[in-house]
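What follows is a short report on a single structure.
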Amino acid sequence: MSNGAKNNRVTISLPDGSSRDYDSPVTGTEIAADIGPGLLKAALAICLDGDLVDLRTEITRNASVEIVTVKDEDALDLLRHDAAHVMAQAVQELFPGTQATIGPVIENGFFYDFARDEPFVEDDLPIIEERMREIVKRDLEVRREVWARDEAIKYFKKIGEDYKAEIIADIPAGEDITLYRQGEWIDLCRGPHLPSTGKLGTSFKLMKVAGAYWRGDSKNEMLTRIYGTCWRDKKELEAHLFQLAEAERRDHRRIGKQMDLFHFQDEAVGMPFWHPKGWTLHRTLETYMRRELQKNGYDEIKTPILLDRTLWEKSGHWEKFGEHMYQMEMDGRTLAVKPMNCPCHVQVFNQGIHSYRDLPLRLAEFGSCHRFEPSGALHGLMRVRSFLMDDAHIFCTEDQIIPETKAFFKMLTKIYKDLGFEDVQIKFSDRPEVRAGSDEVWDRAEAALKEAVEAAGMVYTLNPGEGAFYGPKLDFILRDAIGRDWQCGTWQVDFVLPELLDANYIGEDGQKHRPAMLHRAIFGSFERFIGILIEHYEGKFPLWLAPLQVVIATITSDADEFASQIKNSLDEIGIHAKLDIRNEKISYKVREHSHARVPILWVVGKREAKEKTVSIRRLGSSEQQSLPLDKALLAIIEEARMPE
RNA sequence: GCCCACAUAGCUCAGGGGUAGAGCACUCCCUUGGUAAGGGAGAGGCCGGUGGUUCAAUUCCACCUGUGGGCACCA
């Protein structure tokens, strides 16, 4: 087997350590068949010296080969990519004249963008899906073809696929390109692909239609996009659909309505009306944050909401952010509602003369901001036009950036943990294209932040070009109870704004110096953070956060008086309690308050009234605990305390 | 801002060219019941707004507003 004629024998090593020799060229199909018919049937592609390629790729050199089956990590992407192709074929069979543009694999599935005069609608999906199943049943062989670039352009133009021709035209001249053919249908594609459409199986589902700009640019025409999800088997598909339903159950807009926390209405688009319970939650968070700020050496301030445009012109906001600012004409002046607090904080800093001994100066504000967000961006509490920021700006020397960064990271980690978030990711964003300040200043700011983040021992990923217009930043991203990520906290180094607004301090040398300005937030906006908390906890808040902590429910009217006394006691110790002395059965009350996600139910009947006890039932449990009232009151004070 | 869909009672939703229906919630009556729905009765609506077609529009059409899902945006 070994020393065959030169160039026409190849040695293939397999993952189990064995190797086999074949006449060259050999394909994955032949190798799989050689190993066993079961594997041949399961084979989707091969991993050739670490690269995923088609099963039919001809191997002409010694190589390590792994047969990829549905069980492998890579299989999902293959399946999803094929699903996109099968969908495009189905669409073009059903709707002749529709152009296919791009169709990549995405998280959980795939999409394909089509160009068609009349956009697809939701009702088209079942029809397309049906045709896809039929194409899978046809089990068309999927064949790779290599074409000359110019010929491919000519071909796609001829068949009316102008977008494909445009994509190919962007490939450097002279390069070959690959096409994949399945039956009559052909598509430009890098591959790899499954050997035939039958291998796709049927564990896919078309999810929704949407508009999408050609090449992601709002200046271009809008295409019609169809999203699908695709999995290894039915079970995985079901699990994914269940996960989506779970996210829907947690939707803060739905829970916010159920729990009567807030509402929106047409006269104030994107601006929430907080109801008593929602505002209680809001205030609890504010009180908690205020305490943490105090512990961390911040001074709280309050600044105006409406300011003259001249300030915004100086700060650069008028130019860089003007289109997002609410404006009004009054008494011959143009005023703008603040979208951020930073210029105001510099005004506070600029009062009087500061010594280097005053630094770092940490100015915090629960700052009410308004931004005119595009209508299509609004989303419940997650993206609003009016919000309260837990904002602060630290004025310091460049040397103080590192210790301040460390201290901030510690503060932020503790706060997130108190609120139930243990998993925090960090992104480092550097200079954006549109920015203020010279390259030299940006070099310094980026270097300073980088040194600080490393000195603080933070693990981060790079997010190039995503910095604020005045400086580089860190973003802090939380993972919630069902694995979704939310960007909340931010830490930004700014050498630009102190310059623009002429902030300075007197150094040890008696000379004027520019302070560095560190912009920071932990919640981001209270609105959005509360939205995230609602979804994270599914509205079942820990006791200290719950806006309604206890309901005292009576069994018969004999206990009404005792129940009222309990309510008074709870009011006195600052526990949010409600009395339920309605003429209803106790099981009815239990059901209703459980649905309302009340953490603790104190049930009182004749027995409790006589013995001065309460029967305690907790949300999510049917166990009952009986405690003397005074003990129960002490216990609930303890349990409802904010985390230290 | 762009594409598609949607807008009916406080809430969740059904209906459909001849001025409306369910469940829950609400009010009243009966019931005082020991841990996830006791029974009965009643009230509740400019069918998002403005125009158009029609003998007749909540229903069909157009525009507007808002909401939802995406796209773009997120300093």
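Just so we're on the same page: letters track the sequence lines, and every chain starts at 1. Fair warning: this is a prediction, and the values are worked out from it, not measured in the lab.
- Checking B:rG68, B:rG70, B:rG33 against every side-chain atom of A:K208, the shortest atom distance belongs to B:rG70.
- Note: A:H324 and A:F321 have tilted aromatic rings, judged against thresholds of 30 and 60 degrees for the angle between ring planes.
- For A:Y163 and A:W214, the gap between ring centers is short of 6.0 Å.
- Distance, A:I555 CD1 to B:rG33 C1': 9 Å, rounded to whole Å.
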With a cut-off of 3.5 Å and sequence neighbours excluded, list every side-chain donor-acceptor pair involving residues 615-627 of chain A.
{"unit_1": "A:R618", "atom_1": "NH1", "unit_2": "A:E639", "atom_2": "OE2", "d": "2.9"}
{"unit_1": "A:R618", "atom_1": "NH2", "unit_2": "A:E639", "atom_2": "OE1", "d": "2.9"}
{"unit_1": "A:S621", "atom_1": "OG", "unit_2": "A:E623", "atom_2": "N", "d": "3.0"}

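- Ring geometry for A:W274 against A:W279 counts as tilted: the plane angle lies between 30° and 60°, on a 0 to 90° scale.
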Determine all donor-acceptor pairs shorter than 3.5 Å in which one atom belongs to a side chain in residues 114-125 of chain A; sequence neighbours excluded.
{"unit_1": "A:R116", "atom_1": "NH1", "unit_2": "A:E118", "atom_2": "O", "d": "3.0"}
{"unit_1": "A:D124", "atom_1": "OD2", "unit_2": "A:V121", "atom_2": "N", "d": "2.9"}

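- Inspection of the A:Y470 and A:Q492 side chains reveals an N or O donor paired with an N or O acceptor under 3.5 Å.
- The side chain of A:K606 approaches B:rG33 more closely than any other nucleotide in the set B:rC71, B:rG33, B:rA36.
- In this structure, CD of A:E107 is placed 12 Å from P of B:rG70, rounded to the nearest angstrom.
- Here B:rC71 presents its P atom at 12 Å from NE2 of A:H379, a figure rounded to the nearest Å.
- A salt bridge does not link A:K578 to A:D580: none of the charged side-chain nitrogens sits closer than 4.0 Å to a carboxylate oxygen.
- Geometrically, A:R385 engages A:F372 in a cation-pi contact defined by less than 6.0 Å to the ring centre and at most 45° from the axis.
- Each of A:D391, A:D494, A:T490 was scored for a side-chain hydrogen bond (donor to acceptor under 3.5 Å, both in side chains) with A:H519, with one residue passing: A:D494.
- Taking only side-chain atoms of A:A210, from C-beta outward, the nucleotide of B:rU67, B:rC73, B:rG69 with the closest atom is B:rG69.
- A:R520 forms no cation-pi arrangement with A:F408, by the criterion of a distance under 6.0 Å to the ring centre and an angle within 45° of the ring axis.
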Show the distances under 3.5 angstrom between N or O atoms of the protein and N or O atoms of nucleotides 25-29 of chain B.
{"unit_1": "B:rA25", "atom_1": "OP1", "unit_2": "A:Y588", "atom_2": "OH", "d": "2.5"}

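- Distance A:K219 NZ to B:rC2 P: 16 Å, rounded to the nearest Å.
- The stretch residues 112-124 of chain A comes close to RNA chain B through A:P119, A:V121, each having a heavy atom under 4.0 Å from the strand.
- Each of B:rU32, B:rA36, B:rG68 was ranked by its minimum atom distance to the side chain of A:S587; first place goes to B:rA36.
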Close N or O pairs between protein and nucleotides 7-15 of chain B (under 3.5 Å):
{"unit_1": "B:rU12", "atom_1": "OP1", "unit_2": "A:K257", "atom_2": "NZ", "d": "3.3"}

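- Using cut-offs of 30° and 60° on the angle between ring planes, the pair A:Y326 and A:H370 is perpendicular.
- A straight line from CZ of A:F111 to P of B:rG70 spans 13 Å, rounded to a whole angstrom.
- Nearest to the side chain of A:R591, among B:rU67, B:rC71, B:rA36, sits B:rA36.
- In this structure, A:I226 atom CD1 and B:rC3 atom P are separated by 18 Å, rounded to whole Å.
- In the set B:rU67, B:rG68, B:rC73, the nucleotide with an atom closest to the side chain of A:H324 is B:rC73.
- Closest approach to the A:M222 side chain among B:rC2, B:rC73, B:rU35 is made by B:rC2 (side chain taken as heavy atoms from C-beta onward).
- When the nearest nucleotides of RNA chain B are assigned to A:V603 and A:G467 by heavy-atom distance, the more 5′-ward of the two goes with A:V603.
- Cation-pi check for A:R131 over A:F95 is not met; the charged atom does not lie both under 6.0 angstrom from the ring centroid and within 45 degrees of its normal.
- Among B:rA37, B:rG33, B:rG1, the nucleotide with an atom closest to any side-chain atom of A:S375 is B:rG1.
- A donor-acceptor pair shorter than 3.5 Å cannot be found between the side chains of A:T613 and A:K631.
- Closest to the side chain of A:V590, out of B:rC71, B:rU35, B:rG1, is B:rU35.
- Toward the 5′ end of RNA chain B lies the nearest nucleotide of A:G605, the other residue of the pair A:E373 and A:G605 mapping further downstream.
- Note: A:H536 and A:F421 meet the aromatic proximity criterion, with ring centroids under 6.0 Å apart.
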**Item:** 5'-to-3' dot-bracket of RNA chain B (Watson-Crick, G-U; under 3.5 angstrom; crossing pairs as [ ]; | other strand)
**Value:** (((((((..((((....[..)))).(((((.......))))).....(((((..]....))))))))))))....

